[in-house]
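Some notes on the structure that comes next.
What you see is a predicted model, and the numbers here were worked out from it, not measured in a lab.
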2 protein chains.
Amino acid sequence: MAASKLARGSGVALWRQIAAELEAEISDRHFPPGGRLPTEHELAERFGVNRHTLRRAVAALEEKGLVRIEQGRGTFVQGGTIDYAVGKRTRFSENIRRQAREPSGRLVRSGRFAADGDVARGLGLRRGTQVILLETVGMADEVPISLGSHYFPARRFPGLIDAFTQTGSISAALSEAGVEDYWRKSTRVTARLPHDNETELLEMPRTRPLLICDSVNVDQDGDPIEFGRGRFVADRVQISLESL
Amino acid sequence: MAASKLARGSGVALWRQIAAELEAEISDRHFPPGGRLPTEHELAERFGVNRHTLRRAVAALEEKGLVRIEQGRGTFVQGGTIDYAVGKRTRFSENIRRQAREPSGRLVRSGRFAADGDVARGLGLRRGTQVILLETVGMADEVPISLGSHYFPARRFPGLIDAFTQTGSISAALSEAGVEDYWRKSTRVTARLPHDNETELLEMPRTRPLLICDSVNVDQDGDPIEFGRGRFVADRVQISLESL
DNA sequence: ACGTATTTGTTCGTATGTATC
DNA sequence: GGATACATACGAACAAATACG
């Protein structure tokens with residue numbers, strides 16, 4: 001790896017360049033999660049800068065929550081990203097627990113709306129048809145992972161919001177409405193930068209990308225019962241499509 | 001075009017009326033997908049409002065995903081994005097042609113390297129084992145879509161680079177090496193911002209995210225023959241996992 | 001490598017209308 | 001009516017990213 005990607009006097013402070021490079025290497029898993037970074041001395045030598053300069057870069061990474069600094073021990077790459085398995089049957093809690101993390105969630109919005117573009121298309125409804133929205137933030141070990149918007153045909157699930165607030169679970173609420181089982185019909189993945197309200201709810205920097213995962217769930221008869229749009233903090237989760 | 005469709009003091013905020021008008025014109029293809037909207041200054045003048053008011057309208061369109069705003073460049077109509085279908089058998093050219101676009105590609109790098117982290121893990125090799133790398137830029141209608149790094153075990157495919165430069169196709173090159181068919185065993189999707197060389201090769205802004213798609217392909221016996229890392233420009237493509 | 005023009009992004013301040021208590 | 005909060009709209013200036021010669 002070239003040690004001298006640094007552009008001195010380029011208008012970008014050296015520590016910013018170093019921080020960006022280190023961040024990229026962490027994101028690349030060149031420095032794996034949980035692992036220790038080289039010592040400050042080693043890194044300073046590699047980049048050809050003073051240790052003060054390097055410390056400024058690492059401090060920036062710590063502020064972003066990418067690394068954890070322990071005096072006398074070293075600098076460690078923060079929390080392994082979650083491997084979120086998307087399959088025919090995808091449940092948030094199971095997924096998080098499989099990663100040996102503690103799942104939790106909270107409802108941030110709910111209500112009845114008129115379906116438009118993607119929602120109407122996903123559920124196979126005409127634009128303007130009423131749908132129920134449940135919007136939740138999913139967390140692992142109290143760290144926000146995802147913001148999920150779940151849309152259901154209002155005609156078929158009139159009491160869904162109450163059922164959800166009582167059970168705290170979407171699958172349980174659907175079960176009360178007579179849907180024993182359901183599975184994923186299609187999945188579409190994109191990426192974009194977060195909006196302001198998303199950065200707040202997900203406690204993330206404005207500069208880091210989101211992974212958007214749209215899905216349609218159908219019941220036993222193949223009728224669409226849910227259109228879901230999950231927004232995952234790309235730095236904290238990766239989506240895995242193992243053996244669908 | 002009527003400049004004064006705006007009804008001031010009608011109970012509907014000006015910015016909402018402007019957003020609706022612009023949305024109609026986008027849907028009309030008056031502003032075609034991929035094209036640039038007039039500047040904020042021009043639009044503000046056309047509607048006879050302050051730039052703030054216009055910006056509020058355009059922000060609403062961005063939130064809906066109809067346009068994409070790039071500082072210093074302009075506002076671009078979103079859409080015409082490629083739906084890249086990932087399945088058991090995923091071939092770039094077929095995928096692009098299915099979208100009624102003309103696929104092309106070029107080799108940007110190739111060589112022999114020692115496998116490290118993800119590559120070694122994906123191919124089930126020990127770290128340090130030699131692998132062949134083929135790195136290509138994939139384009140649709142001459143617009144760069146993806147940057148793909150394809151790693152193969154060097155021991156099994158010693159002449160792969162020559163075969164590829166002759167045929168220009170990975171599947172054809174593998175076929176020459178005796179691999180009749182192969183399919184995808186696993187897929188992992190993440191997102192991050194691009195590195196500098198990626199922005200150059202993909203002709204994209206530094207501020208827009210990449211969709212990273214890691215995959216492992218296996219042959220008839222289930223042996224890994226390729227580890228691939230595709231980097232897709234998130235604004236130009238979405239990944240679809242229909243009916244795996 | 002550098003300056004200039006263009007375009008979007010941000011932050012002041014000010015004023016007005018509307019809904020609520 | 002009065003007080004308050006909030007969304008809307010306008011104006012000016014500057015910051016930041018980009019494009020171009």
Under a 4.0 Å heavy-atom cut-off, which of residues 69-77 of chain B touch DNA chain D? B:Q71, B:G72, B:R73

What is the distance, to the nearest angstrom, from the [atom1] atom on [X] to the [atom2] atom on [N]?
| X | N | atom1 | atom2 | result |
| --- | --- | --- | --- | --- |
| B:E45 | C:dT6 | CD | C1' | 16 Å |
| B:L14 | D:dT8 | CG | P | 10 Å |
| B:I18 | D:dC10 | CD1 | C1' | 13 Å |
| B:L37 | C:dT8 | CG | P | 9 Å |
| B:Q17 | D:dA9 | CD | C1' | 13 Å |
| B:L54 | D:dA9 | CG | P | 12 Å |
| B:N50 | D:dT8 | CG | P | 15 Å |
| B:R51 | D:dC14 | CZ | P | 14 Å |

Mind checking side chain to side chain contact (heavy atoms under 4.5 Å, CB included) for [X] and listing every partner two or more places apart, or none if nothing turns up?
| X | result |
| --- | --- |
| A:T167 | A:S169, A:A172, A:A173, A:E176 |
| B:T199 | B:P194, B:M204, B:R206 |
| A:E45 | A:H41 |
| A:V216 | A:S186, A:V218, A:P224, A:F227 |

Pair A:D214 + A:R229: basic N to acidic O under 4.0 Å: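 Salt bridge present between A:D214 and A:R229.
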
In a table with atom names and distances, give each donor-acceptor pair under 3.5 Å that connects a side chain of residues 141-150 of chain B to protein atoms at least two apart or in another chain.
from: B:D141; atom 1: OD1; to: B:E102; atom 2: N; distance (Å): 2.8
from: B:S149; atom 1: OG; to: B:E135; atom 2: OE2; distance (Å): 2.6
from: B:S149; atom 1: OG; to: B:R231; atom 2: NH2; distance (Å): 2.2
from: B:H150; atom 1: ND1; to: B:E226; atom 2: OE2; distance (Å): 2.5

Proximal nucleotide (of C:dT7, D:dA9, D:dT8) relative to the B:R36 side chain: C:dT7

I want to verify a distance call: between C:dT7, C:dT10, D:dC10, whose nearest atom is closest to the B:R55 side chain?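 Ranking C:dT7, C:dT10, D:dC10 by closest atom to the B:R55 side chain puts C:dT10 first.
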
Parallel, tilted or perpendicular for A:F157 and A:F152, by the 30°/60° rule? perpendicular

With each end axis built from five pairs of C1' atoms, what bend angle do you get for the helix from C:dC2-D:dG21 to C:dC21-D:dG2? Round to 10°.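 It works out to 10° between the end axes.
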
With sequence neighbours excluded, residues passing side-chain hydrogen bond (donor to acceptor under 3.5 Å, both in side chains) with [X]:
| X | result |
| --- | --- |
| A:R121 | A:D118 |
| B:R51 | B:E40 |
| B:Q99 | none |

Tabulate protein N/O versus nucleotide N/O from nucleotides 11-15 of chain C, keeping only pairs under 3.5 Å, one per line.
from: C:dT11; atom 1: O4; to: B:H52; atom 2: NE2; distance (Å): 3.1

Phosphate-side-chain proximity, B:R8 and C:dT16, N/O vs OP1/OP2 below 4.0 Å: no

Residue pairs passing the side chain to side chain donor-acceptor pair (under 3.5 Å) test where at least one lies in residues 151-166 of chain A, sequence neighbours excluded: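 Only A:R156-A:D219 qualify under side chain to side chain donor-acceptor pair (under 3.5 Å).
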
